[in-house]
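Each remark here refers to the structure printed beneath this line.
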Amino acid sequence: ATAIKEENKKLQKQVDRLLQLAAVENSGFDYDKVQVDIHQIINDAVQSMSFQLEQNGGEVIRAFHADNSVLYADNIHMTDVFVNLISNSIKYSDENPLIRIETRNLDHTIEITVSDNGIGIPSREYMRIFEKYYRISTGDIHNTKGFGIGLYYVKTVIKAHQGKIIVKSESHKGSTFIITLPVAQIDNKKKH
């Protein structure tokens with residue numbers, strides 16, 4: 001019964017992703033950007049993936065080094081960015097997934113690094129993994145179900161928040177996604 005319930009949740013998430021993708025592609029769509037703490041968003045994403053992590057013997061290590069972790073973001077869509085990345089780390093792993101999420105400040109930005117010990121991505125695929133409906137074409141990767149929209153959605157949301165995402169990976173050595181986002185600027189003049 002639990003497995004059926006979780007499969008239903010997965011299916012609902014896929015449908016939600018398709019609807020979210022349609023929404024973020026709609027030119028009339030507005031993100032609901034408010035001041036949020038990205039560390040809390042990451043914690044919420046990890047919490048929402050706790051069942052899948054437990055089922056796969058996975059672990060998420062968080063190393064939050066950023067002092068300024070507040071930004072203007074759409075809470076729901078930004079949480080889904082990290083749910084997508086964690087979900088991929090679980091799906092594309094041959095062993096117990098070990099995911100490390102680190103943050104640090106660089107100038108007026110926050111850099112978030114999501115690394116895993118998964119099967120990795122061949123370098124020739126780097127640029128294409130962020131394309132809509134694209135799925136890596138080699139190996140037995142298609143044993144894992146998906147529509148090829150997760151990373152496209154991730155990049156679309158990050159871009160809408162004036163951010164950037166890049167990937168570094170090697171086959172059988174895991175992947176690292178590096179997200180850079182602007183942090184909220186605190187107006188010191190208001191304090192006087």
Side-chain angles (χ1 to χ4, degrees), residues 9-27 29-33 36-49 52-53 58 60 62 66 69 71-93 97 99-104 109-123 125-137 141 144-169 174-183:
K9 275 190 197 172
K10 278 187 207 171
L11 185 59
Q12 183 62 49
K13 278 184 185 175
Q14 291 287 17
V15 171
D16 289 345
R17 278 189 193 147
L18 286 168
L19 293 172
Q20 287 165 344
L21 187 61
V24 298
E25 286 185 321
N26 179 348
S27 58
F29 175 78
D30 260 343
Y31 287 90
D32 183 20
K33 292 182 184 176
V36 294
D37 186 333
I38 199 71
H39 292 158
Q40 186 57 51
I41 283 177
I42 293 166
N43 286 335
D44 290 347
V46 171
Q47 180 59 41
S48 77
M49 293 300 295
Q52 287 88 336
L53 284 161
V60 176
R62 287 161 273 195
S69 58
L71 53 134
Y72 287 99
D74 184 301
N75 204 337
I76 292 167
H77 287 287
M78 196 57 74
T79 302
D80 284 340
V81 161
F82 293 99
V83 166
N84 263 285
L85 293 174
I86 294 165
S87 176
N88 281 353
S89 292
I90 294 168
K91 279 197 287 192
Y92 299 113
S93 183
I99 305 159
R100 184 174 176 85
I101 304 175
E102 283 188 70
T103 66
R104 66 184 181 129
T109 66
I110 186 164
E111 183 183 88
I112 306 140
T113 307
V114 181
S115 304
D116 65 43
N117 62 340
I119 61 173
I121 303 161
S123 58
E125 309 273 0
Y126 280 10
M127 295 312 293
R128 301 213 56 203
I129 63 166
F130 294 109
E131 290 176 17
K132 189 178 2 176
Y133 307 126
Y134 184 75
R135 298 194 67 216
I136 293 173
S137 57
I141 204 154
T144 303
K145 291 172 178 54
F147 297 119
I149 58 169
L151 290 176
Y152 173 77
Y153 169 78
V154 164
K155 185 166 188 170
T156 302
V157 172
I158 294 297
K159 199 173 169 186
H161 287 79
Q162 289 75 49
K164 290 183 205 153
I165 181 167
I166 61 168
V167 63
K168 294 179 180 177
S169 184
S175 301
T176 299
F177 289 87
I178 302 162
I179 297 168
T180 309
L181 290 161
V183 291

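From a predicted model like this one, the values you see are computed outputs, not experimental measurements.
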Between Gly174 and Ser169, what is the shortest heavy-atom contact and its length? O-OG, 2.8 Å
Gap separating the CG atom of Asp37 from the OG atom of Ser69, nearest 0.5 angstrom: 3.5 Å
Flag the pair Tyr92 / Ile121 as yes when at least one side-chain heavy-atom distance between them is below 4.5 Å, and no otherwise. no
Apply side-chain hydrogen bond (donor to acceptor under 3.5 Å, both in side chains) to Ser115 and list each qualifying residue two or more places apart in sequence or on a separate chain. Thr176
With a 4.5 Å heavy-atom cut-off, do Phe82 and Ile112 have their side chains touching? yes
Does the side chain of Ile179 reach to within under 4.5 Å of the side chain of Leu85, using non-hydrogen atoms? yes
For a 4.5 angstrom cut-off between non-hydrogen side-chain atoms, does Val114 reach Ile99? yes
Anything under 30° is parallel, anything over 60° is perpendicular, the rest tilted; go ahead and classify His77 against Tyr153. tilted
Contact check, side chains of Ile165 and Val154, non-hydrogen atoms, under 4.5 Å: yes
Any side-chain heavy-atom pair from Met78 and Val36 closer than 4.5 angstrom? no
OG1-CG distance between Thr79 and Asn84, expressed to the nearest 0.5 angstrom: 11.5 Å
For Asp116, give me all partners under side-chain hydrogen bond (donor to acceptor under 3.5 Å, both in side chains), at least two apart in sequence or on another chain. Ser89
Can you measure from CD (Gln162) to OG1 (Thr180) and round to the nearest 0.5 angstrom? 13.0 Å
Quick one: CG on Leu181 to CD1 on Ile158, what's the gap to the nearest 0.5 Å? 4.5 Å
For the backbone of Asp74 and the side chain of His161, can you confirm whether one donor and one acceptor N or O come within less than 3.5 Å of each other? yes
Quick check: closest heavy atoms across Val157 and Tyr31, and the distance to 0.1 Å? CA-OH, 3.8 Å
How close do Pro97 and Ile90 get, counting heavy atoms only, and between which atoms? CG-CA, 4.0 Å
Over all heavy atoms of both residues, which pair between Ala66 and Ile110 is shortest? Give the atoms and the distance, please. CB-CD1, 3.5 Å
With distance as the sole criterion, is a donor-acceptor pair present between the side chains of Gln47 and Asn43 under 3.5 Å? no
Quick one: CZ on Arg100 to OG1 on Thr113, what's the gap to the nearest 0.5 Å? 9.5 Å
How close do Ala45 and Ser48 get, heavy atom to heavy atom, and via which atoms? O-OG, 3.0 Å
Supply the atom-to-atom distance Asn88 CG to Ser93 OG, rounded to the nearest 0.5 angstrom. 11.5 Å
Note: Arg104-Glu102 ion pair, threshold 4.0 Å (strictly below): no
